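Here the structure comes first, spelled out in C-alpha cells, and everything after it is commentary.
Every number for a ligand or one of its atoms is a count from 1 in the order of the listing. Note that this is a predicted model, so its numbers are computed, not measured.
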Amino acid sequence: MTTESSAYSPKNAWEVYTKPEDRDAMKALVCRYLAFLTKCKTERETIAYVQKRLAEAGFSESFEHGKVMLPMRGKSLFVARRGTAPLARGVHLIAAHADTPRLDFKQRPLVEQPTVAQAKTHYYGGIRKYQWLARPLALHGVLVKEDGSLVTVTLGEAETDPVFTIADLLPHLAQKQNLQSVADAFEGEKLNIILGHSPLVPAAGTEADEKPKEAVKSRLLDILLHSYNIAEEDFVSAELQAVPAGAARLVGFDRALVGGYGQDDRICVFTALEALLAVEEPHSTIALMLWDKEEIGSDGATGASSRFMQYCFEDMAEAWGEGQRAAHIMLQSKALSADVQAALDPDFQEIHEKQNAALLGYGPCFSKFTGSRGKYGASEADAEFLGWMRSLYNSKGIPWQIAELGKVDHGGGGTVALFLAAYGMHVIDLGPAVLSMHSPFELASVVDIYASVQAFKAFYAA
Ligand code: MN
Ligand code: MN
C-alpha cells in the first residue's frame, strides 16, 4: 500500500452520478425543485406546499395510520412516519427552516413622498441592502381583516401582474455615497417600496380645496380597497413580505446550477421532503421538522427554540411509544440539522480557508460546528456521530464534504443544530453549498440537489 491511498479528498459529485438513470432522475428532480422555488417564497407558502404533498402521500394530523403531520400556525410543521423498529430506539430526524431573508412591510407602511406612494419596510434576517434596490419585487403574505377573515396576497409573479421596486441613486449624483462604507451608504429607512405614482384626480367641477392632501396615497388606498378589499388599518394585522419577483432559473450553458431566491434553506426543505417520500418502509421512525424564524435567531412560537417539537414528541410517544417517555426517545435520536453551507466564492477566495471550504458540486456538506470567534455559540457534533455518518455515506457511495464557514475570525453564523442538541440528540449540520447566500438570486449545484436527496434518504433508511 502506498501512502497516497490513505490521503483524503472529497469526490466531485458530477463524476459520481454519471449513469443515464441518475442523470434522468436529476433532471426530473430539478424540474420539481424549480417549480417549488418559484411558487414558495414565504414560510407559509412553503409549509402549505409540503402539507399538500404529504397529504397526497397519505399523511394526516392523526397518528393512527403511522403517517402524521402536525402544523403550527401555518409556519412550522412536524412530520413523522412510523418505522418497523420500536420508537424506544430513537428517531432519525431531519430539521430545516422555511423562512428566508426579505423585506417585511411595517405595520403602518403607507407613505406619500414626492410623486410616489411607498411602503416602508423593516428587513428580516441578514441582507445586503443594496441587493434589493432597482429590481422587480413581488408581494407575498396575508392580511387579517377585523372580522378575522384572511386576505392572501401574491402579487408580482404572473405576467399580467404589476411588480414593485425600490429606486436606487443615480451614479451621476452618487459621488458622496461612493466614498461611504457599505454599512453607512445604505440605510434601512430608505428601503421604501414604490407602490404607486398617479394621483387621485377630483371629479370635474370639484372645489380646489376638496383635493386630497396626499393624492397619490389616496389613489393607492382607493385601489387597495376597491380591487383588493384592503383598508389602511388592515396592514396593522398583516404579514406582507416583499421578495424578488420572478421564477427560479437554470444558470449556465450546461444548465448545471439553479439560481433563485430563498434556497437557504428551502433547498433542504425540498430535498428532505423528497427523501422522506422516497423511503419505502423505514426501519427507524423518521421525522422532518420544519421551522420558521431561523434567520432571526429561532425565537418565537414557530421557531426552533419553542417547545413545539417537544410537544410533538410527547404526542408521538403516547401514540407509538409503547410506554416510552418522549425524553428517552429524544435522547436516543439521531438528527441532521439540514442547512446550507457557504460555497467557496470564486471571486472572494481569500475569505475562505480553502482546505476547509465547501465546493459547489461536491455533494452535501457536513459542518461539525457553526458559531464564530472560537466556536462560540456552536453545539458541535460528536466525533462518534460524524464517524457513523461518513461510514454510512461511504458504504452507499454518496458524495459528501466537510467545511467551516469562512476563515477563523472572519465572521460566522448559526443553525438550528443547538436546539436539537439541547435534547441530547446526536446532531450534525448537513446541506448543500450555496453561492451568493442570502442574496435575491442564490446559486446551488444541480448535482448537489440530487446528492442531498440521496444523502437524506440514506439517513432515513439507515
Ligand atoms: Mn439557513
Ligand atoms: Mn440563512
Side-chain angles (χ1 to χ4, degrees), residues 33 36-37 40-43 45-47 50 75-77 93-104 123-129 131-132 241 243-244 248 258-273 288-300 302-305 309 335-343 345 351 357-358 360 364-372 377-379 381 403-406 410-421 427-445 448-449 452 455-456:
Y33 180 58
F36 160 78
L37 263 193
C40 302
K41 295 191 178 178
T42 69
E43 56 279 3
E45 289 165 351
T46 306
I47 297 299
V50 173
K75 301 181 193 179
S76 167
L77 183 72
L93 170 77
I94 299 178
H97 65 94
D99 62 318
T100 39
R102 73 226 176 200
L103 304 178
D104 284 340
Y123 60 92
Y124 172 99
I127 62 162
R128 309 199 74 193
K129 298 185 190 96
Q131 294 177 341
W132 292 74
Q241 309 180 2
V243 296
V258 169
Y261 164 70
Q263 300 201 67
D264 169 13
D265 187 32
R266 289 194 191 106
I267 195 169
C268 292
V269 171
F270 178 82
T271 50
L273 173 68
L288 175 62
M289 182 70 231
L290 302 180
W291 273 308
D292 174 31
K293 298 285 180 283
E294 193 275 344
E295 295 292 0
I296 58 167
S298 291
D299 292 319
T302 50
S305 69
M309 186 184 72
L336 296 178
S337 161
D339 209 339
V340 298
Q341 176 57 280
D345 189 321
I351 58 133
L360 284 176
C365 180
F366 288 112
S367 305
K368 190 171 183 287
F369 53 86
T370 57
S372 56
S379 59
E404 292 189 18
L405 181 59
H410 271 234
T415 64
V416 298
L418 70 162
F419 302 101
L420 299 162
V427 57
I428 187 156
D429 281 293
L430 181 73
V434 164
L435 198 57
S436 268
M437 198 196 289
H438 282 208
S439 80
F441 197 68
E442 299 176 313
L443 296 171
S445 166
D448 290 341
I449 297 164
S452 295
F456 291 148

Looking at E295, the N, O or S atom sitting nearest the Mn ion (ligand 2) is OE2
Examine all N, O or S atoms of E294, backbone included, and report whether one is under 2.8 Å from the Mn ion (ligand 1).
-> no
Could you note down all residue pairs passing salt bridge (Lys or Arg N to Asp or Glu O under 4.0 Å) where residues 93-103 supplies at least one of them, sequence neighbours left out?
-> E43-R102, R102-D104
Work out the angle at the Mn ion (ligand 1) between OD1 of D264 and OD1 of D339, rounded to 10°.
-> 90°
Check whether the side chains of D292 and H97 place a donor and an acceptor atom closer than 3.5 Å, and report yes or no.
-> no
Just wondering, is there an N, O or S atom on H97 that's nearer than 2.8 Å to the Mn ion (ligand 2)?
-> no
V416 and S298, any side-chain heavy atoms less than 4.5 Å apart | yes
Residue list, side chain to side chain donor-acceptor pair (under 3.5 Å) with D299, at least two apart or on another chain = S305
